[in-house]
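Single-structure report; data block below.
Each chain gets a letter, A, B and so on, in the order its sequence line appears, and its residues count up from 1. Excluded from the calculations below are hydrogen atoms, water molecules and symmetry mates; all remaining heavy atoms, backbone and side chain alike, are included. None of these values were measured; they are calculated from a predicted model.
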Number of protein chains: 2
Amino acid sequence: MVELTKRDQEVLDAVVTDYINTGEPVGSRTISKRYGVKVSSATIRNVMADLEELGFLLQPHTSAGRIPTDKGLRFYLDFLMRYKSLEESERTMIRQAFQGIHKDLRETLRKTSRILSTFCRQAGVVLWPKITSTRFRHIEFIRLRPHQVMVVLISKSGLLHNHILDLKDDIGQDELDKYSHYLNDLLENVPLGEVKRRVLEEMKKEKVLFDELYAKALDMSQRVFQENLESGDVFIEGQTNLLNNPEFSDVQRLRRILEALEDKSRIVKLLDMTLETTGGVRITLGSESELKELREISLISSPYWRGDTLLGVLGVIGPLRMDYSRIIPVVEFTASLLSELLEEPEMV
Amino acid sequence: MVELTKRDQEVLDAVVTDYINTGEPVGSRTISKRYGVKVSSATIRNVMADLEELGFLLQPHTSAGRIPTDKGLRFYLDFLMRYKSLEESERTMIRQAFQGIHKDLRETLRKTSRILSTFCRQAGVVLWPKITSTRFRHIEFIRLRPHQVMVVLISKSGLLHNHILDLKDDIGQDELDKYSHYLNDLLENVPLGEVKRRVLEEMKKEKVLFDELYAKALDMSQRVFQENLESGDVFIEGQTNLLNNPEFSDVQRLRRILEALEDKSRIVKLLDMTLETTGGVRITLGSESELKELREISLISSPYWRGDTLLGVLGVIGPLRMDYSRIIPVVEFTASLLSELLEEPEMV
DNA sequence: GTTAGCACTCCACCCTGGAGAGTGCCAAGC
DNA sequence: GCTTGGCACTCTCCAGGGTGGAGTGCTAAC
């Protein structure tokens with residue numbers, strides 16, 4: 001890593017700040033006049049030339065000002081940015097937006113992503129909790145027709161997962177009810193991530209080996225849990241906010257972005273990447289994500305929790321040029337509010 | 001209604017056809033040369049002036065050609081358009097796109113809307129079946145915590161509706177199971193639209209009046225069914241296709257459209273309007289819908305069925321200028337394919 | 001009623017020149 | 001040796017003007 005002098009950093013800071021505010025390339029004179037840099041524009045020109053050589057800035061064309069590269073932006077985000085703390089009035093507004101939320105988890109999450117989008121004027125995203133991150137509450141088998149059964153799985157957090165199984169044998173509803181009953185007793189409160197193991201353990205027990213009903217029930221539950229319960233879902237709201245950004249007024253570019261957002265699996269992937277960390281707010285520039293369709297966008301994300309269980313990620317998607325210093329606190333605050341809300345006992 | 005002469009109609013037909021193909025205002029010379037109208041351009045100019053006076057055409061500016069007004073377009077759609085029947089190769093392609101569809105109704109509908117969007121290169125929409133249009137299959141009460149119960153309602157078509165109830169009394173899971181059992185017996189196969197009435201009837205019966213369990217169960221089911229089960233949901237896929245239309249290259253206009261589509265309740269309303277009719281494909285111009293945000297778009301829709309039960313509507317949303325003669329057959333064919341598919345027994 | 005001809009209108013496009021912003025480099029100053 | 005003022009240069013943006021093309025409305029002749 002190349003060392004940047006104090007002054008280099010000041011200039012980089014000023015360029016990024018000004019660029020984020022105006023969206024225009026920044027000239028040397030602007031910096032020496034408007035930001036507290038105590039040298040002349042000529043000196044700044046020299047510094048900027050250095051920064052360009054180091055890959056932090058670039059010139060759209062000769063005789064234009066400089067704009068930050070991804071590398072420059074990343075340096076700014078990591079080392080230079082000072083973010084304002086959220087004003088009390090804004091906190092109150094966000095808190096109010098969460099008022100009157102119902103007990104329905106789904107609606108809560110959708111509303112959260114709407115709140116993010118309106119307060120940040122960009123697209124808001126919320127990654128669903130993975131059903132495996134919570135505990136078993138209830139399983140139910142419903143016979144739809146001969147050889148076909150619908151399985152409804154409910155997690156402690158009130159998440160619902162349903163699924164259709166084809167069976168070799170035809171099993172009556174009464175017997176299915178017995179299965180449900182047995183499994184509900186067996187698996188009560190078991191973390192869904194551990195159910196598989198628990199079922200295997202149980203299968204080895206003597207009472208199961210000699211009881212066809214138990215064996216069948218476990219066999220069926222196995223089929224359910226080997227399904228991919230992981231595949232997350234995501235809410236994206238306020239995509240139209242993206243149209244406000246002048247960088248997306250080019251229809252071709254906008255098209256690329258919206259197409260990328262339409263394929264939710266890609267967004268899930270992106271959000272999943274940021275899920276691994278334990279930290280707070282994290283910023284991912286599209287170019288760092290290996291998904292080249294997302295090159296022109298940036299994600300500000302934060303995990304949300306219930307107690308100390310990591311449930312999912314929420315965040316804001318927008319252009320690389322965003323008002324990070326404002327959006328970061330909003331994302332942070334929203335994540336903490338949501339986590340708080342999810343901890344309340346009457347919240348499923 | 002003003003009578004249009006044969007020649008008036010020919011000219012109107014030609015103007016609309018040409019405008020749909022090119023998107024440009026159509027001049028008198030184009031018509032006399034390219035379409036089989038056997039009079040000179042001067043005559044056509046006179047006809048066009050008449051049509052303008054009658055409100056069928058308009059001129060974007062003096063010395064430009066004419067484009068059809070909504071009224072002109074409507075006349076064309078109602079009386080003039082001849083639509084090509086779908087080529088066998090296209091039918092096959094659409095049929096193939098439906099292959100490999102799973103048993104999951106939700107996925108089937110999503111895929112249908114994706115098919116519509118790709119084959120028509122516009123946005124595809126599918127309105128969910130209303131849960132009330134099918135029959136009762138199963139109800140289940142799950143105690144989440146003291147005084148709170150999750151209700152899972154499953155329709156014969158495999159639609160799932162879940163909902164959380166707050167209770168004055170705290171009821172144990174065992175008792176809740178008895179409720180489910182009783183209601184599942186009572187309501188088996190009853191059309192969901194009639195459940196309310198059926199429950200009321202049952203409440204008057206003697207055995208119920210003197211049995212607390214029955215009474216409580218019915219009471220609870222009443223609370224579930226008085227909820228709004230009607231509120232339809234809708235899949236909209238391929239919105240980015242709209243960006244291809246040159247009429248939406250203006251970002252302001254595009255923004256209005258996308259914003260309108262983002263508020264799904266509005267689209268549901270629009271689709272609901274077209275649900276009333278029993279006919280086949282129907283075209284709704286935005287200006288006819290009383291939703292002024294949708295003024296600039298057009299909906300080509302068709303109902304879909306299972307047997308002779310009307311389930312929902314599917315269709316294509318695009319600009320007023322669309323290749324109706326192609327899209328109409330596609331929508332029609334897709335609706336019939338979906339209806340067929342839903343009738344197969346292994347399709348839930 | 002239909003047509004050819006003509007004058008007219010408006011738009012889209014291109015070219016041009018000037019203003020403005022900003023740079024790089026040089027030579028002088030501290 | 002870093003900093004600075006000055007200057008020539010570059011590039012974009014925009015307004016103004018000119019041109020060609022498309023299309024119209026009107027009129028007079030058929």
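Of the side-chain N and O atoms in A/R7, none sit less than 4.0 angstrom from OP1 or OP2 of D/dC2. Taking side-chain N and O atoms only, A/S28 has a distance below 4.0 Å to OP1 or OP2 of C/dT23. Between B/S40 and C/dT2 there is no side-chain N or O to OP1 or OP2 distance below 4.0 Å. The shortest distance between the side-chain N/O atoms of B/R66 and the OP1/OP2 oxygens of D/dA22 is not below 4.0 Å.
Residue-level contact check: A/S41 touches neither bases nor backbone, having no heavy atom under 4.0 Å from any strand. A/T62 comes within contact range of the sugar-phosphate backbone alone, with a heavy-atom separation under 4.0 Å but no base atom that close. Within 4.0 Å of A/A64, counting heavy atoms only, lie sugar-phosphate atoms of the nucleic acid but no base atom.
With rounding to whole Å, A/Q59 atom CD is found 10 Å from D/dT10 atom C1'. The separation between B/K38 atom NZ and C/dT2 atom P is 15 Å, rounded to whole Å. Here the P atom of nucleotide D/dT24 and the CD atom of B/E24 are 14 Å apart, to the nearest Å. Residue A/L51 contributes atom CG, which lies 12 Å from atom P of C/dG24 at whole-angstrom precision. Taking atom NZ of A/K33 as the reference point, atom C1' of C/dA21 lies 11 Å away to the nearest angstrom. B/D8 places its CG atom 15 Å from the C1' atom of C/dT2, with the value rounded to the nearest Å. Atom CZ in B/R29 sits roughly 12 Å away from atom P in C/dG5 (whole-Å rounding). In this entry the distance linking CD of B/E52 with P of D/dG23 reads 15 Å, nearest Å.
In the displayed structure, B/E53 atom CD is contacted under 6.0 Å by at most 12 heavy atoms of other residues, nucleotides or ligands.
Comparing D/dC26, C/dT2, D/dC11 by their closest approach to the side chain of A/S63 singles out D/dC11.
In this structure, A/I115 CD1 and A/M93 CE are separated by 11.0 Å, a value rounded to the nearest 0.5 Å. Considering CG of B/N241 and CD of A/E259, their distance stands at 7.5 Å, rounded to 0.5 Å.
The 5' end of DNA chain C is approached more closely, in terms of each residue's nearest nucleotide, by B/V39 than by the other of B/H61 and B/V39.
A salt bridge links A/E52 with A/R66: the closest approach of a Lys/Arg side-chain nitrogen to an acidic carboxylate oxygen falls below 4.0 angstrom. Between A/D250 and A/R256 there is no salt bridge, since no side-chain N of the basic residue sits under 4.0 Å from a carboxylate O of the acidic one.
With hydrogens and angles ignored, a donor-acceptor pair under 3.5 angstrom links the side chain of B/R45 to the base of C/dG5.
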